[in-house]
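Here is the structure we will look at, set down as structure tokens.
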Amino acid sequence: MTCSGKHAFASEVGYGLFAERKQFAFTDIEQREIGQLGRRMDFLAKATIFEEREPKVAVYTLRQGIAVRYRAKADGRKQIVGFALPGDFLNSPFADRHTCSVEMISQATTCQFPKRQFLAFLEGHPKILRELLETYSQEIDATYEHMLLLGRGTAEEKFVEFIIRWRARVGRKGALANLVPLPMSRRDIADYLGLTIETVSRLLAKLMRENVVRVIPEGLQLIGPTERPLLFERSFVE
């Protein structure tokens, strides 16, 4: 099954509670071209899409669900480097091998593009190439900020910053802005922040005691003002 052009680089229906992700501006002709290149693929939760250092033969965009990017440590543990939401690319077309592994956290749908044909499409459409490069530039900036946080932040700073940034990524608006869906496990959050699962559980319990957050089935509910400075101030009250 092919991917329709208007959804090939964007979310299909979102992931339940998540807002629709970024979209690229296609003309009708470009929509048809990219739609003919893409192939829809469905995956079960825990399915591995590709592994680190494998030759890269295809490019994937996530249409529905959520995925985790990770690298394997020498001791076999995972170092999670990021989470992908609908509309995100799961890998870059600009390298010969995958720099990380990707696993689905939930049941998910992707668009798969043969790498060579995808690169040829970008060469013929420089406007889309520029948009894609801008997207990767933003991701590099976000990765840099995350590395700084891992190197300088306390455990509590890392955890609170994760909540703030994740809330911004999922893009909830209006009455739903205080609800932060967390489809990943506490183990995943710990591996992403360089913490232990026990530390994440302890920090979450602390924020609950301070009435900063409330645990709900879908994730977290932020209590009271939820803008970044106020959340930080309430989180670090001694």
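Nothing here was measured: the structure is a model prediction, and the numbers come from that model.
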Not counting sequence neighbours, which residues clear salt bridge (Lys or Arg N to Asp or Glu O under 4.0 Å) with Lys56? List them please. none
So, using side-chain contact (heavy atoms from CB on, under 4.5 Å) as the criterion, who are the partners of Asp188 when residues are at least two apart? Ile80, Phe83, Ile105, Met184, Ser185
Go through the structure and list residues passing side-chain contact (heavy atoms from CB on, under 4.5 Å) with Arg130, not counting sequence neighbours. Pro126, Lys127
Sequence neighbours excluded, the answer for side-chain contact (heavy atoms from CB on, under 4.5 Å) partners of Val57 is none
Under the criterion side-chain contact (heavy atoms from CB on, under 4.5 Å), I'd like the reasoning laid out for Leu204 against Leu220: C-alpha separation, chi angles, the key distance, then a yes or no. CA-CA 10 Å; Leu204 184 57; Leu220 297 178; 3.7 Å; yes
State plainly whether the residues Asp88 and Arg69 are in salt-bridge range, i.e. N to O under 4.0 Å. no
Answer yes or no: is there a side-chain heavy-atom contact under 4.5 Å between Leu85 and Ile66? yes
Heavy atoms of Leu90 and Met104 approach each other most closely as CD1-CE, 4.1 Å
Polar side-chain atom of Arg71 near backbone of Thr99 as donor-acceptor pair, under 3.5 Å: yes
Connected via hydrophobic side-chain network under 4.5 Å: Phe162 and Val81: no
Residue list, side-chain contact (heavy atoms from CB on, under 4.5 Å) with Ser101, at least two apart or on another chain: Glu51, Glu52, Tyr70
Heavy-atom distance under 4.5 Å between the side chains of Val200 and Tyr192, does that happen here? no
Only counting residues at least two apart or in another chain, list the ones meeting side-chain hydrogen bond (donor to acceptor under 3.5 Å, both in side chains) with Ser201. Arg186
Step by step, work out the side-chain contact (heavy atoms from CB on, under 4.5 Å) result for Leu207 and Ile163. CA-CA 11 Å; Leu207 296 180; Ile163 296 174; 4.2 Å; yes
Scan for ring pair (Phe, Tyr, Trp, His ring centres under 6.0 Å) pairs involving residues 31-51, sequence neighbours excluded, and state none if there are none. Phe50-Tyr60, Phe50-His98
Shortest non-hydrogen contact from Ala67 toward Leu62: N-CD2, 4.1 Å
Would you find a donor on one side and an acceptor on the other, under 3.5 Å apart, between the side chain of Ser106 and the backbone of Gly65? no
Are Val213 and Met208 close enough that some pair of their side-chain heavy atoms sits under 4.5 Å apart? yes
Separation of Leu195 CG from Arg202 CZ (nearest 0.5 Å): 9.0 Å
By side-chain hydrogen bond (donor to acceptor under 3.5 Å, both in side chains) - contacts of Arg214 (at least two apart): Gln221
Is any side-chain heavy atom of Val102 less than 4.5 Å from a side-chain heavy atom of Asn91? no
Atom pair OG1/CG of Thr199 and Leu193 - distance to nearest 0.5 Å: 10.5 Å
Who passes side-chain hydrogen bond (donor to acceptor under 3.5 Å, both in side chains) against Arg116, sequence neighbours left out? none
Does Leu182 belong to the same Ile/Leu/Val/Met/Phe/Trp/Tyr cluster as Ile164, with side-chain heavy atoms less than 4.5 Å apart forming each link? yes
At their closest point, which heavy atom of Leu122 faces which heavy atom of Leu129, and how far apart are they? O-CB, 3.9 Å
Not counting sequence neighbours, list each pair that qualifies as a ring pair (Phe, Tyr, Trp, His ring centres under 6.0 Å) and has a residue in residues 195-215. none
How far apart are the C-alpha atoms of Phe121 and Ile128, what are their side-chain angles, what is the distance that settles it, and do they pass the side-chain contact (heavy atoms from CB on, under 4.5 Å) test? CA-CA 9 Å; Phe121 173 82; Ile128 295 175; 3.8 Å; yes
Which pairs count as salt bridge (charged side-chain N to carboxylate O under 4.0 Å, His left out) when at least one residue sits in residues 89-109, sequence neighbours excluded? Lys78-Glu103, Asp96-Lys115
Steps toward side-chain contact (heavy atoms from CB on, under 4.5 Å) verdict (Phe94, Leu133): CA-CA 10 Å; Phe94 305 118; Leu133 292 175; 3.9 Å; yes
State whether the number of non-hydrogen atoms from other residues, nucleotides or ligands found under 6.0 Å of Lys46 atom NZ is greater than 12. no
Nearest 0.5 angstrom please: Leu179 CG to Leu222 CG, how far? 8.0 Å
How long is the gap from CG on Asp42 to CD on Gln107, to the nearest 0.5 Å? 7.5 Å
What one should report as the nearest heavy-atom pair of Ile197 and Ala190 is N-CB, 3.8 Å
